[in-house]
Protein chains: 2
Amino acid sequence: MAEKQKTHRQPKLSRPTTIRDIAAHTGVAVMTVSRVINESGYVSQEMREKVLKAVQELNYHPNGLARGLKRRRTQAIGILVPDIANPFAAELVGGIQEVLSARGYSSFISTSDRSTTREEAGLRALFDHRADGAIVATRETKAGNDFLLGLLNYDLQIVVVGRELNHPRVDRVTADHFKGGYDVTEHLIKMGHRRIAFVGVSAPNGAGLHRYRGYVEALRANGIPFDEKLVVGPKVDAGPGFSTQDDGYEGAKRILSAKSRPTAIFARNDFTAMGAMYAIRDAGLAIPDDIAVAGFDNVPLSAYTAPPLTTVAQRTVLQGREAALLLLDRIDGNRQRERRNICLDCELIVRQSTIKDIARTD
Amino acid sequence: MAEKQKTHRQPKLSRPTTIRDIAAHTGVAVMTVSRVINESGYVSQEMREKVLKAVQELNYHPNGLARGLKRRRTQAIGILVPDIANPFAAELVGGIQEVLSARGYSSFISTSDRSTTREEAGLRALFDHRADGAIVATRETKAGNDFLLGLLNYDLQIVVVGRELNHPRVDRVTADHFKGGYDVTEHLIKMGHRRIAFVGVSAPNGAGLHRYRGYVEALRANGIPFDEKLVVGPKVDAGPGFSTQDDGYEGAKRILSAKSRPTAIFARNDFTAMGAMYAIRDAGLAIPDDIAVAGFDNVPLSAYTAPPLTTVAQRTVLQGREAALLLLDRIDGNRQRERRNICLDCELIVRQSTIKDIARTD
DNA sequence: TTGAAAGCGCTAACAC
DNA sequence: GTGTTAGCGCTTTCAA
């Protein structure tokens, strides 16, 4: 039976098979089919097999819209990242999807691209399509926070990564950026530096940037006076939100032409650091002999710069996994439990960009 | 009836407002509300205002699931990229979203991460949630192609970017990688090189990689014999699919230790090139004096390497825009029109990594 | 163990 | 201009 292969050539745009097609094809009730595909309730072995066979043959896949509408669950979650061209986002997403897909959830990524409007549009779309939850790793903004809090009045679970959102039902995962910033600064101090610049945020905007606060604190703890002139933000200061290689180049350039220049630069992230390194070479100075450079994030490329870049690794994949687990726990399990906060250690990765006494091929 | 507002304080997890709440609240028919929010059909000014007011007050947003189920249109499209940590993907997505969001479509990103399983899962999720279309920029695989072709039997529109998919209703956008590869190779030849290596694909796997074929053809056209020993793929050859900085490092290393080493390296992409540059420095050689290096893609960082990297720019944002336009044209308009193929020019960007006679600060 | 009925939230098609 | 009816594809509830 079922010589379906007789179709003349390409079937011209079939409508997707529905549960009723399966029911009709097997002669059982729609409900029985539903029970089979959901493995819920009792179905005799015989019927089950018949149904499964038809599901195969007719290539049936449940319509997620109908299912979601009825169940009030879509088994889909949204991931909101600031920016896609970013190893951090990639690893985070990797960790998240690893956990989610194992549990039968699909996930969709949305970017904010540094725009609150875009971020809201992304969240709105997620919400309107009734995602069961969202993992939000965008930078904090007032508008963004308000919007997220608004969504929380409804049945959307949220976990934030690397940022805050003050709400009793929002879990949080982050790396200890403060400690990372502290450690890398202290490393520079141990290497004998006392004029250490921070490139990537302006001092007034730094409060929300933990790695910067770690820098400030490390200076203080080591008795080095804080010098605001050694802190440079991007030309167009996007608040605590962002910093690129261009910003690093431009910021370092400014700081190098200042009266008394630093002997070390701690850049907000590895890309900023790479821009700064370029500015340093541009000025005819050597790294690390004239100026040491450190970054943050340990992006894969940081091992390949000239010289390789000292940086701070955060366990990004793990953050993704943890965030996904927290989210699933709330969705599938206890929606009312107390908020949880996971903070992972960072690791200082010392490379040649801050070490003078290692022989360099250069 | 319907004194729903009696809830004591913070509505403890309100259910989202539905169209019926609005109807009840304003005393009009559900259908009238629908007409107002969709701006379809005739509604008197008076009613319209009343409804809009209630929509505001009750913070109503249509349920995308219900709407999609009924309309058979979700106004959502999926973007499938191989890998997220990639300026190419970022720019592509930027271009796509720019067009889509202006037309009221939301878009969701999915990654294949070099895994056919993952790619299928992403497409399956897209399809099950009834996305109206997909823009697919993953690398070609047999399994992937089959899966895509299967989906095309149903009502999912597909546009591919930077790859092929042979189907009469699938449009395609790409950059002219062949010409780009040809141009950069010819540039190296003009700079006096005759032993030019290609790093990033093994010769047997190169057929699907147009930029590599451009390289081969440029050699031929200039009377330079092709030497298979000068072509190195990644250690674990993932077919035409991928190449990282690690691959570049490792591949260049191999080629540099060969008996007669090349005087120039054309790397499959900028990251591969950066890895190769590192290997060259590692070997105590100078760029470009001992070995010239060129990449492909013009990622933002390529301007910041030491020395800055000669590369080929493809207009990625534009590719995204064009792809989105083609997709919308099919979804909203003519689903049966002939397939369209847009091929954009690449641009050679010459920087110091291939030019000896420019003074370098190094 | 199976099935029938009702309805999730919305809109197309048709009355009025 | 506005309202009513029916139904998208599925699952929950209840009856058999």
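Residue numbers start from 1 in every chain, and the chains themselves are labelled A, B, ... in the order their sequence lines are given, proteins ahead of strands.
- Residue A:T32 places no side-chain N or O under 4.0 Å from the OP1 or OP2 atom of C:dT1.
- Nearest-nucleotide mapping onto DNA chain D: of B:K70 and B:V30, the residue sitting toward the 5' end is B:V30.
- Between A:R71 and D:dC10 there is no side-chain polar atom (N or O) within less than 4.0 angstrom of OP1 or OP2.
- Atom CE of A:M31 is separated from atom P of D:dA15 by 16 Å (rounded to the nearest Å).
- Between A:Y60 and D:dC10 there is a side-chain polar atom (N or O) within less than 4.0 angstrom of OP1 or OP2.
- Dense packing is recorded around CD of A:Q45, with more than 12 heavy atoms of other residues, nucleotides or ligands lying under 6.0 Å away.
- In this structure, a donor-acceptor pair under 3.5 Å is present between the side chains of A:R163 and A:T138.
- Within the nucleic acid shown, A:R35 comes within 4.0 Å of at least one base atom, counting heavy atoms only.
- Look at B:R20 and you won't find any side-chain N or O under 4.0 angstrom from OP1 or OP2 of C:dC10.
- B:I19 has its CD1 atom 6 Å from the C1' atom of C:dC10, to the nearest Å.
- Positionally, the nearest nucleotide of DNA chain D for B:A29 lies more toward the 5' end than for the other of A:I37 and B:A29.
- The interatomic distance linking B:I22 (CD1) with D:dG3 (C1') rounds to 18 Å, in whole Å.
- Side-chain contact between A:I77 and A:F108 is absent, with no heavy-atom pair separated by less than 4.5 Å.
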Legend entry - A:R172/A:N166 under side-chain hydrogen bond (donor to acceptor under 3.5 Å, both in side chains): CA gap, chis, key distance, verdict: CA-CA 10 Å; A:R172 172 163 166 263; A:N166 191 21; over 6 Å; no
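- A sub-4.0 Å separation between OP1 or OP2 of C:dC8 and a side-chain N or O of B:N63 is absent.
- Look at A:S34 and you'll find a side-chain N or O under 4.0 angstrom from OP1 or OP2 of D:dT11.
- Using a 4.0 Å heavy-atom criterion, one finds that A:V43 contacts the sugar-phosphate atoms exclusively.
- For B:R15 and C:dG9, the shortest distance from a side-chain N or O to OP1 or OP2 is below 4.0 Å.
- With respect to the salt-bridge test (charged N to carboxylate O, under 4.0 angstrom), the residues A:R139 and A:D83 do not qualify.
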